[in-house]
Amino acid sequence: MKIELLSVAQKRKPADIFVAGFFEKEKLAKEIESLEPQFAVAAKAALAKGRFEGKYAQNFSSFSSDYREAQEAVLFGLGQKKNHRKGCLRKATGQIIQLARARKAARVRIFLDSFVGGEPTLADGAAIISEISLLASYEFDKYKSKSEDQKKEKKLEIVEILFSKKQNESALRAATKKAQAIAQGVLLARTLINEPGNIMNAPELAARAKKMAAEKKIQCRILNEAEMKRLKMGGILSVNQGSVTPPALIVLEYGTRFKSKGTVCLVGKGVTFDTGGISIKPAKDMEKMKYDMSGAATVIATLGVISDLKLPVHVVGLTPAVENNVAENPQRPGDIIEMANGKTVEVLNTDAEGRLILGDALVYCGRYNPKAIIDLATLTGMCAYTFGDKAIGMMGTDKKLLSHVQKAGEETGERCWELPLWDDYRDQIKGHHSDLYNIGGPYGGTITAAMFLKEFVPAKTPWVHLDIAGTAWCDCPRYDCVKGATGVGVRLLIECLSHWK
Ligand code: BES
Ligand code: MN
Ligand code: ZN
């Protein structure tokens, strides 16, 4: 699908649907009257009769071969202007795309000026419409057979963003371009995650990361099993012991020329499938555990976007990739392993594997002497119980970094909510025959998991951990996402890194 930015002064061929926004209690905009005079007459009549008031998500649609912009015109209700927020515009765009797809429209024309006001500016509007149009049209259907009829079905091909305020053209173009790069990153993350465990194993994830890196001209190194042994990465090695494919530590690097301004490390959990190991998971919903590499997918995709946007930061993406399975010689409960920083861990539960592989990756960050580390992981079921799919669980050691991430979350709609990392929680993971246990008992599981990670963060390094267990997957379709991987975190990280100081 393509996004095109179009000025009202430009010549254009008719679209299939023309959509304008309408705020409750306002008058129909003059621009709509001049763009589509006949539709304006119909819309005014509907407004006068109270058939359409412009309440949020209410819409009025009418059809005529005399219309200029498209045969079908839609007025989409946005509620009251004073309450209009970026989030409302995101939802509205998603609903408009669903509507267009239900109508089998190939070309949709959205009149930008009518959708902004209240909080969002014209540039915000252009960005949001571009971004959400791409996200809402995504499907993962590569493994589905299609009938001849289905193959012939019209797809949504073009979303045109029509604007009238000419003076903003270059700002609008820039916003549209940036938003599309970000959305493509989200879609890449979704596809990596939606791929099933029999296809997307550690070597495959490494291959896809390499391919992306070559396309985007960034560095990619894959640390293999032998190198991990040398580095004593007991966490990664022991978790992967029950897998028939070798583990990989994927290291992506962008922007070495900006090194003098400091390095940011992004770490993503890459468990390509989590059976739980010997502490095996219940059968119900286990198929979803292919999304246990969502953190890794997000980090890989984000590095690609950073390169597209040429952000002036040095970023290293580290994603340990393993499969947590049971084969000939799996990790056993009670095993004591040694992690890359020399700390020993008694594995009380082989299903708490994410923290073991992340621990080694966090230690590895130390060699970059980063000024910040952000990790993303589908780490605990408890986090999904706590926040549902509405917030990312956030924990960390640095107030400034935490608030920077929090703000980026508000800005992008990928909200983060902080949980405490008080020392009092440490007792729960203190080991008996070892330095640490890998679980902290039944209570406070999201926090004790993060407390465990903290043991492996290089000294004096600002660090934020994002638990995306609840947000990385959606079970029921949302305005911008079908059932499956959401690609959460790409927008958040890009927003963080776009305003890096
Ligand atoms: N990948 C899971 C966490 C998870 C569960 C993510 C459900 C998304 C949905 C993680 O490896 C895990 O199994 N965590 C355990 C930890 C427990 C053994 C302390 C959990 O959450 O049950
Ligand atoms: Mn697990
Ligand atoms: Zn897991």
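Numbers here are sequence positions counted from 1. Both counts, for ligands and for their atoms, begin at 1 and track the order of listing.
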So is [X] touching ligand 1 or not, going by heavy atoms under 4.0 Å?
| X | result |
| --- | --- |
| K288 | no |
| R355 | yes |
| Y291 | yes |

Quiz item: Can you list the ligand 1 atoms lying under 4.0 Å from a non-hydrogen atom of G381?
Solution: 3 (C), 4 (C), 5 (C), 7 (C), 20 (C), 21 (O)
Quiz item: N/O/S of A352 less than 2.8 Å from the Zn ion (ligand 3)?
Solution: no
Practice problem: Give a yes or no on whether D274 keeps an N, O or S atom under 2.8 Å from the Zn ion (ligand 3). | Solution: yes
Quiz item: Once the angle between the rings of Y425 and W422 is folded into 0 to 90°, is it parallel (under 30°), tilted (30 to 60°) or perpendicular (over 60°)?
Solution: parallel
Quiz prompt | Criterion side chain to side chain contact (heavy atoms under 4.5 Å, CB included) against L376, the qualifying member of V488, V299, V490 | solution = V299
Quiz item: Taking just the N, O or S atoms of E353, which one is nearest to the Mn ion (ligand 2)?
Solution: OE1
Quiz item: Under the side chain to side chain donor-acceptor pair (under 3.5 Å) criterion, do H314 and E253 qualify, and how do the steps go?
Solution: CA-CA 8 Å; H314 179 220; E253 189 166 355; 2.7 Å; yes
Quiz prompt | Nearest candidate to atom 6 (C) of ligand 1, where distance is taken over non-hydrogen atoms, out of G440, A352, A472, A469 | solution = A469
Practice problem: To the nearest 10 degrees, could you say what angle the Mn ion (ligand 2) makes with OD1 of D351 and OD2 of D274? | Solution: 100°
Exercise. Name whichever N, O or S atom of E353 ends up nearest to the Zn ion (ligand 3).
Key: OE2
